[in-house]
Enquirer: 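Input: one structure, supplied below.
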Protein chains: 2
Amino acid sequence: MTNNNEQAIDELKKIVKQKGLKYTEQREIVLKILLHAHAHLTAEEIYNQIKLEEPESNIGIATVYRALGFLEEVNLITSIVFGNDGKKYESNAKEHHDHLICTSCGKIVEFVDDEIEKRQDKIASKNKFKITSHSMQLYGLCSNCQ
Amino acid sequence: MTNNNEQAIDELKKIVKQKGLKYTEQREIVLKILLHAHAHLTAEEIYNQIKLEEPESNIGIATVYRALGFLEEVNLITSIVFGNDGKKYESNAKEHHDHLICTSCGKIVEFVDDEIEKRQDKIASKNKFKITSHSMQLYGLCSNCQ
DNA sequence: ATGGCTGCAAATGTTTTGCAGCAAG
DNA sequence: CTTGCTGCAAAACATTTGCAGCCAT
C-alpha cells in the first residue's frame with residue numbers, strides 16, 4: 001500500500017515532467033491526502049485536512065479544486081457524486097472497485113466483481129464504445145439500518 | 001408507453017393521497033415533461049420547457065426543484081450526474097437501464113444486462129444490504145468520437 | 001527570465017430557503 | 001378553515017475565474 005502510494009507520487013512527477021508543467025508542493029499534498037484517506041473526501045474536506053496537517057502550507061481552496069481537476073484529468077484520482085455534498089474524490093492507487101452505499105447512514109462498502117467487469121467490456125464493444133472508466137453504485141440499506 | 005405514462009400519473013395521485021399531501025398541477029406537469037422526454041433533462045431545461053409548452057402555468061424554478069425532489073423521493077424519477085450541468089433527471093416509467101456515456105460528445109446509450117443485474121443482487125445480499133436502486137455508468141468514447 | 005502556478009477575492013451557476021398569499025382537502 | 005404548496009426574491013453552496021505576484025524550470 002505504501003508502495004502503491006509512492007508509485008502514485010512518482011507517476012505524478014512523471015506526468016508533470018512529460019507535459020512540461022511544474023511540480024508543485026500543492027498538487028503533491030492533495031494527492032497525498034487522498035492516498036492516505038480512508039474515505040471519499042470532498043474538496044472542502046481535503047482543504048480542511050490540509051490546513052490541519054500542513055498549516056504552514058497556506059493553500060487556497062481554489063488551488064485544491066485546480067489540483068483535483070488536474071489529478072482527475074490525468075487519472076490519478078476519481079470522483080463520484082452521491083449524497084448532498086458535491087463531488088467526492090478517492091485515489092486510483094487503490095484497486096479498482098465499485099460501491100455499495102447505505103442511503104440511511106452513509107456507510108460505503110467497496111467491492112469488485114470480475115463477472116460484471118467482463119460483461120461491461122462486452123456491452124461496450126457491442127456498442128462500439130471505447131471505455132475509459134466506469135462507475136457503479138448500489139444504493140440501499142445496510143444491515144444496521146434495515 | 002402511453003400506458004406506462006398514465007400509470008405513473010396514477011401512481012403520483014395515489015402517493016400524494018396516501019401521504020395526506022395535495023395534488024398540484026405543478027408536480028403533475030414536471031412529471032409529464034419527464035414522461036415524454038427523450039433525453040435526460042436538468043431542472044433548468046425542464047423549467048424552460050414548461051414555460052414553452054404551458055405558458056399559462058407561470059411556474060417558478062423553485063417549484064420545479066421542489067417537484068423534482070419530491071418525485072425522486074417517492075421513486076417516480078431518478079437523477080444522474082455527469083458532465084458539467086448539474087443533476088439530470090429521467091422518469092422511472094421507462095424500463096430500468098444503465099448508461100453508456102460518451103465523454104466527448106455526450107451521447108448516451110441505454111442498456112440492460114440481466115447477468116449484471118443478477119450479480120448485483122448477489123453482491124448486495126452477500127453484504128447484507130437491501131438494495132433500493134442502483135446506478136451504473138460506463139464512460140468512454142463512442143464510435144464517432146474515437 | 002519566462003511561463004506556469006498560487007492565493008485571494010470576486011464571479012458564476014446551481015440549488016435551497018423564508019415568506020406572504022393562494023388553493024386543495 | 002387549515003395546512004400544504006406556490007412564486008418570488010434573497011440566500012446558500014459549490015465551483016470557477018481574473019489577476020498580480022511568486023516560484024519551478
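Each chain gets a letter, A, B and so on, in the order the sequences are listed, and its residues count up from 1.
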Enquirer: Let's see if you can work this out: which of C:dT6, D:dC5, C:dT15 has an atom nearest to the side-chain heavy atoms of B:Lys87?
Expert: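 Shortest atom-to-atom distance from the side chain points to C:dT15.
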Enquirer: Has the side chain of B:Arg66 got a donor or acceptor atom sitting under 3.5 Å from an opposite partner on the base of D:dG4?
Expert: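 For B:Arg66, whose side chain was compared with the base of D:dG4, there is no donor-acceptor pair (under 3.5 Å).
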Enquirer: Base of D:dT3, side chain of B:Lys22 - is there a donor-acceptor contact under 3.5 Å?
Expert: yes
Enquirer: So what does A:Asp85 touch, heavy atoms closer than 4.0 Å: a base, only the sugar-phosphate, or nothing?
Expert: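 The residue A:Asp85 makes no contact with any strand.
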Enquirer: Side chain of A:Arg27: nearest nucleotide among D:dT6, D:dG7, C:dT6?
Expert: C:dT6
Enquirer: Counting any heavy atom closer than 4.0 Å, what does A:Ile59 reach on the DNA or RNA strands: base, sugar-phosphate only, or nothing?
Expert: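 Sugar-phosphate, backbone atoms only, no base.
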Enquirer: What's the closest nucleotide to the B:Thr63 side chain, out of C:dT16, D:dG7, D:dT16?
Expert: D:dG7
Enquirer: Under 3.5 Å, is there a donor on one side chain and an acceptor on the other for B:His40 and B:Glu90?
Expert: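 Distance-only check passes for B:His40 and B:Glu90.
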Enquirer: State whether the side chain of B:Gln146 and the backbone N or O of A:Lys128 hold a donor-acceptor pair below 3.5 Å, judged by distance alone.
Expert: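 Side chain of B:Gln146 to backbone of A:Lys128: a pair is present.
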Enquirer: Pairing donors with acceptors under 3.5 angstrom, does anything connect the side chains of B:Gln26 and B:Thr63?
Expert: no
Enquirer: Determine to 10° how strongly the helix from C:dA1-D:dT25 to C:dG25-D:dC1 is bent, judged from the axes of its five-pair ends.
Expert: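 It comes to 40° between the two terminal axes.
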Enquirer: Quick check: on DNA chain D, is the nucleotide nearest B:Ala62 upstream (toward 5') of the one nearest B:Asn84, or the reverse? Name the residue that is more 5'.
Expert: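 It is B:Ala62 whose nearest nucleotide is closer to the 5' end.
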Enquirer: Apply the test side-chain contact (heavy atoms from CB on, under 4.5 Å) to residues A:Ile29 and A:Glu54: give CA-CA distance (whole Å), side-chain angles for both, the deciding distance (0.1 Å), then the verdict.
Expert: CA-CA 9 Å; A:Ile29 293 178; A:Glu54 324 243 358; 4.2 Å; yes
Enquirer: Does B:Lys17 make a cation-pi contact with B:Tyr23 (under 6.0 Å, within 45 degrees of the axis)?
Expert: no
